[in-house]
A.B. asks: 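Right, I'll just put the structure down here and ask away after.
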Amino acid sequence: MQNRLRITTAALALAAVLLTGCRGDRTDAPPRRFFPGMDDQQKWDPQEETAFFEDGRTARPWVDGAVAFGVATFDPEAMAGEPWAREMLRDRADLLAEDDRVYLGTTAGAGPDATFVDRIPVGVTMEMIERGEERFNIYCSACHGYTGVGDGMVGQKWSYTPANLMIDLYQDRSQRQGKDGYLFHVVREGVWDPATGANRMPGYKHAVDVHDAWAIVAYLRVLQTRGGVPLDDLDPTDRERLLRSAPTTAAGPAEPEPIASAGGEQ
């Protein structure tokens, strides 16, 4: 009986000693998991290094010849006329990005030697122009103003004078800066000082996709077309809409020097 009592007392004492180590102190050590489950498993964060693969990268390169596939058959030719498939067809075209004229604004490839397309390579609709007006007013008017003459509130305080997009240089398609592809390229990639490498205009492709960039170009052409028309000669409805959307004067600042392309070429 006494031996049993001693054993019980010793066990309780040992338990008390062990419990003193579980008083809830903070620690950076991971918790002990005696029964690990799927809620606590190894994972890799994006761009993380690993010794598991020979090249040390967790992100694996694409397998040559691999193509995406889904659980349902999608025939783009058969679905071309279906309204419900319009977005899927557009996403498919964006994924393939086969036409440099549409996705780069050039006749072939990118780089300083690329030739920009003269005109917008997609169909222009009123819906597209209205979308371009919305995007222009959101992303472009802050510097270039609502009329495109370079008198936006941010542009007036910018380190470089914003381009006056109403001058002949940006309307003459025989000039590099007057081509639709060049304007599309600048919207997406921005402008860099060829001498210092400083960013003269930020690129907006993080917020403006390919289709919206062409929509902005389409709307800019509308602005340029009506820019030389006296307000009194406009239709009353158009005149009211112009005055409502562009409270600044149409005179604007003096013509600035031509902007450079993203590749640094004047």
Side-chain angles (χ1 to χ4, degrees), residues 89-90 92-141 143-150 160-194 200-229 238 250 252 255-266:
L89 291 170
R90 174 172 164 172
R92 179 180 184 275
D94 291 346
L95 177 64
L96 296 176
E98 294 177 312
D99 193 338
D100 289 341
R101 298 178 309 139
V102 174
Y103 294 95
L104 297 177
T106 64
T107 55
D113 297 328
T115 302
F116 294 109
V117 296
D118 292 341
R119 296 184 179 277
I120 299 173
V122 297
V124 177
T125 63
M126 181 56 67
E127 180 182 3
M128 177 182 179
I129 293 173
E130 291 175 349
R131 173 72 176 182
E133 178 183 16
E134 179 194 41
R135 299 292 97 180
F136 182 93
N137 290 343
I138 291 173
Y139 296 109
C140 309
S141 64
C143 290
H144 295 284
Y146 288 99
T147 56
V149 298
Y160 293 94
T161 303
N164 180 352
L165 301 174
M166 297 299 109
I167 63 177
D168 292 340
L169 178 65
Y170 303 111
Q171 302 188 51
D172 183 2
R173 288 186 172 87
S174 67
Q175 302 292 327
R176 179 180 175 89
Q177 291 91 339
K179 297 180 182 296
D180 289 354
Y182 174 85
L183 298 172
F184 166 87
H185 177 75
V186 168
V187 170
R188 297 267 292 162
E189 304 295 339
V191 178
W192 303 84
D193 191 302
R200 298 178 62 173
M201 171 187 156
Y204 283 88
K205 68 180 182 180
H206 65 283
V208 178
D209 64 18
V210 168
H211 307 282
D212 282 347
W214 284 124
I216 289 175
V217 175
Y219 176 66
L220 176 59
R221 292 312 191 194
V222 173
L223 277 180
Q224 291 172 337
T225 299
R226 74 184 185 187
V229 178
D238 292 336
E255 294 185 359
E257 62 183 69
I259 62 175
S261 69
E265 183 176 340
Q266 293 286 342

A.B. asks: Can you list the residues that meet the side-chain hydrogen bond (donor to acceptor under 3.5 Å, both in side chains) rule with R188, with sequence neighbours excluded?
C.D. replies: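 Checked R188 against side-chain hydrogen bond (donor to acceptor under 3.5 Å, both in side chains); zero matches.
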
A.B. asks: Who are the side chain to side chain contact (heavy atoms under 4.5 Å, CB included) partners of L95, not counting sequence neighbours?
C.D. replies: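 Testing L95 for side chain to side chain contact (heavy atoms under 4.5 Å, CB included), a comparison that skips the adjacent residues, returns none.
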
A.B. asks: Between CZ of F116 and CG of L183, what distance do you get to the nearest 0.5 Å?
C.D. replies: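 One gets 9.5 Å once the value is rounded to the nearest 0.5 Å.
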
A.B. asks: To the nearest 0.5 Å, what is the distance between CD (Q177) and CG (D168)?
C.D. replies: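 Interatomic distance, Q177 CD to D168 CG, rounded to 0.5 Å: 12.5 Å.
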
A.B. asks: Considering residues at least two apart in sequence or located in another chain, which fulfil the salt bridge (Lys or Arg N to Asp or Glu O under 4.0 Å) criterion with D99?
C.D. replies: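 For D99, the residues satisfying salt bridge (Lys or Arg N to Asp or Glu O under 4.0 Å) (neighbours in sequence not counted) are R101.
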
A.B. asks: Using a 3.5 Å distance criterion without hydrogens, assess whether the side chain of E133 forms a donor-acceptor pair with backbone atoms of Y219.
C.D. replies: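 Flag not set: sc E133 to bb Y219 has no pair under 3.5 Å.
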
A.B. asks: Output, in order, the C-alpha distance, side-chain angles, deciding distance and verdict of side-chain contact (heavy atoms from CB on, under 4.5 Å) for R135 and V208.
C.D. replies: CA-CA 8 Å; R135 299 292 97 180; V208 178; 5.5 Å; no

A.B. asks: List the residues meeting salt bridge (Lys or Arg N to Asp or Glu O under 4.0 Å) with R92, not counting sequence neighbours, and say none if there are none.
C.D. replies: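 R92: no salt bridge (Lys or Arg N to Asp or Glu O under 4.0 Å) contacts found.
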
A.B. asks: How far does OH of Y182 sit from CD of E189, to the nearest 0.5 angstrom?
C.D. replies: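 It is 12.0 Å, given to the nearest 0.5 Å.
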
A.B. asks: With a 3.5 Å cut-off and sequence neighbours excluded, list the donor-acceptor pairs that the side chains of residues 118-126 form with protein atoms.
C.D. replies:
{"unit_1": "D118", "atom_1": "OD1", "unit_2": "K179", "atom_2": "NZ", "d": "2.6"}
{"unit_1": "T125", "atom_1": "OG1", "unit_2": "M128", "atom_2": "N", "d": "3.1"}

A.B. asks: For the CG atom of D209 and the OH atom of Y103, what is their distance to the nearest 0.5 Å?
C.D. replies: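 Output value for this atom pair is 10.0 Å.
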
A.B. asks: Checking Q175 now: which residues fulfil side-chain hydrogen bond (donor to acceptor under 3.5 Å, both in side chains) with it, not counting sequence neighbours?
C.D. replies: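 Testing Q175 for side-chain hydrogen bond (donor to acceptor under 3.5 Å, both in side chains), a comparison that skips the adjacent residues, returns none.
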
A.B. asks: Given side chain to side chain donor-acceptor pair (under 3.5 Å), test H211 with R90 step by step and report yes or no.
C.D. replies: CA-CA 10 Å; H211 307 282; R90 174 172 164 172; 3.2 Å; yes

A.B. asks: Using modelled atom types only, decide if a donor and an acceptor are shared between the side chain of H144 and the backbone of A163 within a distance under 3.5 Å.
C.D. replies: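 A pair under 3.5 Å: yes.
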
A.B. asks: Among residues at least two apart in sequence or on other chains, which ones pass salt bridge (Lys or Arg N to Asp or Glu O under 4.0 Å) with D172?
C.D. replies: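 Residues passing salt bridge (Lys or Arg N to Asp or Glu O under 4.0 Å) with D172: none at all.
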
A.B. asks: Any chance you could lay out the side-chain contact (heavy atoms from CB on, under 4.5 Å) test for L220 and M166, step after step, and finish with the verdict?
C.D. replies: CA-CA 9 Å; L220 176 59; M166 297 299 109; 3.9 Å; yes

A.B. asks: Under the ring pair (Phe, Tyr, Trp, His ring centres under 6.0 Å) rule, collect the residues that match up with Y139, sequence neighbours excluded.
C.D. replies: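 Partners of Y139 under the ring pair (Phe, Tyr, Trp, His ring centres under 6.0 Å) test: Y204.
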
A.B. asks: Can you name the residues that form a salt bridge (Lys or Arg N to Asp or Glu O under 4.0 Å) with D180, not counting sequence neighbours?
C.D. replies: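 R173, R221.
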
A.B. asks: Identify, with sequence neighbours excluded, every residue that meets side chain to side chain contact (heavy atoms under 4.5 Å, CB included) alongside D100.
C.D. replies: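 Per chain and number, D100 pairs via side chain to side chain contact (heavy atoms under 4.5 Å, CB included) with L104, T106.
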
A.B. asks: Assess whether side-chain contact (heavy atoms from CB on, under 4.5 Å) is satisfied between F184 and V210, documenting all intermediate values.
C.D. replies: CA-CA 8 Å; F184 166 87; V210 168; 4.1 Å; yes

